[in-house]
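If you're wondering where the values come from, they're calculated on a predicted model, not measured in any experiment. Each chain gets a letter, A, B and so on, in the order the sequences are listed, and its residues count up from 1.
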Protein chains: 2
Amino acid sequence: MTDAPITSENRYIVPALAQGLGILSLFGGGNRSFTAPEIAKALSLPRTKVFRLLQTLQSMDYVRCGEDKRHFTLGPALLRGGFEYLASLDMVEVAQPVLQRLRDETGLSSHMAIRDKREIVYVSRFPARSTIASSVNIGTRFPVHATIMGRMTIFEMGDKELEALFGDQPFERFTPQTPTTLDALKALLAEDRKRGYAVSQAFFETGVSAIAAPVHDGAGGVVAAINVTAVNAHIDEQAMHGALKDAVLEAASEISRWLARKN
Amino acid sequence: MTDAPITSENRYIVPALAQGLGILSLFGGGNRSFTAPEIAKALSLPRTKVFRLLQTLQSMDYVRCGEDKRHFTLGPALLRGGFEYLASLDMVEVAQPVLQRLRDETGLSSHMAIRDKREIVYVSRFPARSTIASSVNIGTRFPVHATIMGRMTIFEMGDKELEALFGDQPFERFTPQTPTTLDALKALLAEDRKRGYAVSQAFFETGVSAIAAPVHDGAGGVVAAINVTAVNAHIDEQAMHGALKDAVLEAASEISRWLARKN
DNA sequence: CAGCATCGTTCCATTAGTAAAACGACAGTT
DNA sequence: AACTGTCGTTTTACTAATGGAACGATGCTG
């Protein structure tokens, strides 16, 4: 976060707010607590400012400080926003019964995710009833380029849009099948568009298969994606491109139809 | 939010951050979208500042603006924080199987909540399998003074602590049984301490019965509360003070014992 | 179709939040 | 025990964020 030049993008950004939120987004991925100096180093901010930001976050219960008075952890105020947001998503409400039925029909774990920048965020899930089931939680984030649900959310993007989204950022490789260039991703997207759905060949995790389809809103744009997942041993290639894909596509279009009525 | 005097409490508060977070906490309770002028009025902030705060929140996906470019709604960035927070609570992990068993044993909806200022926040829930079940979601907030789970979380507070917490704020009345003064609340707390648990006589919602017990951490302090709830028709007074209260107390102390081992 | 009101956005002088230096306290090291 | 480094906290000169005025656009109202 070196002093960025004044562009049309950040001209009206309030630094204090952005930095305070930046502290919150440090947490996650195993990092459950930070000390003030750690935060200062991570964000390259002056110690004195981190001190004041933390006081503010603490006073509003967005962070709490441990008994040692040194380590800060996330606070309960975050729960308000997160779940208010979920409640505000008509989409999730609508999708809930459809996803549940999809799970029951296929016997596999079903999920819905939306896109946030270059990540997808799980907003709903129904784990398979079998002993080995999907363990992703609501709120889990995965990179768009490495997941078929991610690809579904950028289903209809043009070349300029795609370049604006991914810019020059490198594509992290998760498995040998992960696309590592924008061109490779575009090639996959072209196939997806023809089919109208996508089947995972271990782009993100080896040994896990998935089928995903896009969800449209009333205006026709892609607003989310759904999928079903299972370990490879539980599904065969035949079914994936047959009855299984039909079930996923049918569920996706049912959610889309409901959303179209809402507006 | 009239210009507060400089006290030891707010001396190091960063206004921009506090106000930005203030915008986020406007959402909730049915208010799913706001325009910039609405926010400015609600927080009595200058229009120009609200404009910049919204730009900042929007750039970080904490809010999103609708198609009409006027209405702002919550954004997906909030999900990250909310679920990171839940994941950071060892308590929830530990409680999960115990609450599930409590639900299955009693046939009623079981919940766990923690306290945030004068509110309790639901952090875990297992709805009863019956058709009419508890509909509170994780993240739901209720006032401490009007709920038995709330009373359990202030179980061991002394008089000064209680007065510091509630100050001169009025006690909202939800049912005829809701305590409306600090003294009335103290009287109920005294009974709670003797019993070690609490039974709802419709303090918060008429027609709904509940039994709650406090959860302690290794240090012995109250860190959460659990309860079971059902519509009155589903449970009888006898069972509430008998087998039912035993089940809740046993579950609470089991969670407490697990927490003690952790540290 | 004026007239008025309110919107989003921009500009700029001024104030208010900040960065740096400094303090006292503590922990580890020589 | 003195030294060195780092911590949380406080103070203050100064820079940068701010609030008010103002602009053009839009949407009512009579």
Side-chain angles (χ1 to χ4, degrees), chain A residues 1-24 26-27 31-73 75, chain B residues 1-24 26-27 31-73 75:
Chain A
M1 284 218 189
T2 58
D3 277 28
I6 294 137
T7 68
S8 58
E9 293 240 334
N10 62 7
R11 205 146 69 103
Y12 293 111
I13 297 288
V14 180
L17 178 54
Q19 290 156 357
L21 297 175
I23 290 180
L24 294 182
L26 277 182
F27 295 87
N31 300 107
R32 291 187 173 185
S33 86
F34 290 94
T35 64
E38 283 168 356
I39 294 170
K41 272 160 210 152
L43 302 179
S44 50
L45 289 172
R47 301 175 325 122
T48 168
K49 186 164 201 184
V50 171
F51 173 69
R52 293 164 66 119
L53 291 172
L54 283 172
Q55 292 265 333
T56 307
L57 290 171
Q58 194 181 353
S59 78
M60 309 192 80
D61 266 321
Y62 276 82
V63 302
R64 283 194 165 170
C65 81
E67 304 172 31
D68 61 354
K69 301 264 183 190
R70 305 251 143 134
H71 283 269
F72 289 83
T73 58
Chain B
M1 283 220 191
T2 58
D3 278 26
I6 295 137
T7 68
S8 59
E9 293 241 333
N10 63 5
R11 205 146 68 105
Y12 293 111
I13 296 288
V14 180
L17 178 53
Q19 290 156 358
L21 297 175
I23 291 180
L24 294 181
L26 277 181
F27 295 87
N31 300 106
R32 291 184 173 183
S33 87
F34 290 94
T35 64
E38 283 168 356
I39 294 170
K41 271 160 211 152
L43 302 179
S44 49
L45 289 172
R47 299 169 337 114
T48 166
K49 187 164 200 184
V50 171
F51 172 69
R52 280 187 294 232
L53 291 172
L54 283 173
Q55 292 263 333
T56 306
L57 290 171
Q58 194 181 354
S59 78
M60 308 191 82
D61 267 320
Y62 277 81
V63 302
R64 282 194 166 171
C65 80
E67 304 174 29
D68 61 354
K69 301 265 183 189
R70 305 252 144 131
H71 284 267
F72 289 84
T73 58

Problem set entry | Comparing A:P15 and A:F51 on DNA chain D - which has the more 5′ nearest nucleotide | A:F51

For this session: Output the distance between atom CD1 (B:I23) and atom OH (B:Y62), rounded to the nearest 0.5 Å.
Result: 14.0 Å

Problem set entry | Straight-line distance of A:I39 CD1 to A:L54 CG, nearest 0.5 Å | 4.5 Å

For this session: Send over the distance from A:Q19 CD to D:dA17 C1', rounded to a whole Å.
Result: 12 Å

Exercise. Between B:D68 and B:H71, is there a donor-acceptor pair closer than 3.5 Å when you use the side chain of the first and the backbone of the second?
Worked result: yes

Exercise. In dot-bracket form, how is DNA chain D paired, counting a Watson-Crick or G-U wobble pair only if both its distances are under 3.5 Å and using | for bases paired to another strand?
Worked result: ||||||.||||||||||||||||.||||||

Seminar exercise, completed: Side-chain contact check for B:T48: nearest option of C:dT10, C:dA19, D:dT9 is C:dT10

Exercise. Just how far is it from atom CG of A:L53 to atom CG of A:L45, taken to the nearest 0.5 Å?
Worked result: 7.0 Å

Exercise. Atom NZ of A:K69 and atom C1' of D:dT9: how far apart are they, to the nearest Å?
Worked result: 14 Å

Exercise. For A:D68 and D:dC7, what is the distance between atoms CG and C1' respectively, to the nearest whole Å?
Worked result: 12 Å

Problem set entry | Spacing between B:L17 atom CG and C:dT18 atom C1', to the nearest angstrom | 14 Å

Exercise. In Å and rounded to the nearest 0.5 Å, what is the CZ to CG distance from A:R52 to B:L17?
Worked result: 11.5 Å

Exercise. Could you state the CZ-P distance from A:R47 to D:dT9, rounded to the nearest angstrom?
Worked result: 11 Å

Exercise. Closest to the B:R52 side chain: C:dG17, D:dG19, C:dC7?
Worked result: D:dG19

For this session: Give the rounded distance in Å between these two atoms: NZ of A:K41 and P of D:dT6.
Result: 7 Å

Problem set entry | Among D:dT18, D:dT9, D:dG8, the nucleotide that comes nearest once only the side chain of B:A16 is considered | D:dT18

Exercise. How long is the gap from CG on B:L21 to CG on A:D61, to the nearest 0.5 Å?
Worked result: 11.5 Å

Exercise. Does a distance-only test, which skips hydrogens and angles, find a donor-acceptor pair under 3.5 Å between the side chain of B:R70 and the base of D:dT26?
Worked result: no

Problem set entry | Between C1' of C:dG8 and NZ of B:K49, the distance in whole Å | 19 Å

For this session: Check the distance between D:dC7's P and A:L54's CG and give it to me in whole angstrom.
Result: 13 Å

Problem set entry | Presence of B:Y12 side-chain N/O under 4.0 Å of D:dG8 phosphate oxygens OP1/OP2 | no

Exercise. Side chain of A:P37: nearest nucleotide among D:dC7, C:dA19, C:dT18?
Worked result: D:dC7

Seminar exercise, completed: Between the CZ atom in B:R70 and the OG atom in B:S33, the distance rounded to the nearest 0.5 Å is 13.0 Å

